[in-house]
J.: 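I'd like to ask you about the structure that follows.
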Amino acid sequence: MSFPLALRLTAMVAVLVGLTHLIFGLGADVMLGAHIPPATLADPVLDSQNRFYGVAFAGYGALLWLAASDIWRHATLIRVLAAFVFLGGVARLW
């Protein structure tokens, strides 16, 4: 599998997951198997936050798709996106 193809597949998954969260809010997490109490599902703040992060994740996927069109031209963008994912993982561990 080529690197641009891997980027495009990752981008499609990110956009699909992001748009699912935008459309369904917290219901998307339930659809993906999370056990969320009904009181939490009714919280508009958490629903809004979930939709916000869904759009951000879809945007991340769109940038990956763009970067896959010309790897060398968008190498800095790819590095920045990889750094954001890495730093997000470090923040979760912290």
Side-chain angles (χ1 to χ4, degrees):
M1 177 184 306
S2 69
F3 186 60
L5 177 60
L7 283 181
R8 286 227 163 102
L9 290 174
T10 303
M12 286 190 294
V13 170
V15 169
L16 178 64
V17 170
L19 291 178
T20 301
H21 282 83
L22 170 65
I23 294 166
F24 297 106
L26 284 173
D29 292 334
V30 173
M31 290 170 39
L32 293 171
H35 299 288
I36 301 175
T40 303
L41 285 172
D43 186 348
V45 174
L46 290 177
D47 187 67
S48 174
Q49 179 181 1
N50 200 291
R51 292 174 195 271
F52 171 82
Y53 285 122
V55 170
F57 205 62
Y60 173 81
L63 288 174
L64 275 180
W65 187 272
L66 170 72
S69 67
D70 187 348
I71 297 294
W72 298 112
R73 181 173 154 213
H74 300 292
T76 302
L77 175 61
I78 294 169
R79 288 184 189 105
V80 169
L81 291 172
F84 276 123
V85 170
F86 176 76
L87 292 173
V90 169
R92 289 190 63 127
L93 286 174
W94 183 30

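Numbers for residues simply follow the sequence, beginning at 1.
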J.: Per the salt bridge (charged side-chain N to carboxylate O under 4.0 Å, His left out) rule, what does the pair list look like for residues 30-50, sequence neighbours excluded?
T.: Asp47-Arg51
J.: Nearest 0.5 angstrom please: Leu63 CG to Ile78 CD1, how far?
T.: 11.0 Å
J.: Please tell me whether Phe57 and Val55 are part of a single hydrophobic cluster in this structure, the criterion being side-chain heavy atoms less than 4.5 Å apart.
T.: no
J.: If I take atom CZ from residue Arg79 and atom CG from residue Leu77, how far apart are they, to the nearest 0.5 angstrom?
T.: 11.0 Å
J.: Transitively linked via ILVMFWY side-chain contacts under 4.5 Å: Val85 with Leu66?
T.: yes
J.: Under 3.5 Å, which donor-acceptor pairs link side chains of residues 2-31 to any protein atom two or more places apart or in another chain?
T.:
from  : atom 1 : to    : atom 2 : distance (Å)
Ser2  : OG     : Leu5  : N      : 3.3
Thr10 : OG1    : Ala6  : O      : 2.8
Thr20 : OG1    : Leu16 : O      : 2.7
His21 : ND1    : Val17 : O      : 2.9
His21 : NE2    : Asp29 : OD1    : 2.7
Asp29 : OD2    : Asn50 : ND2    : 2.8

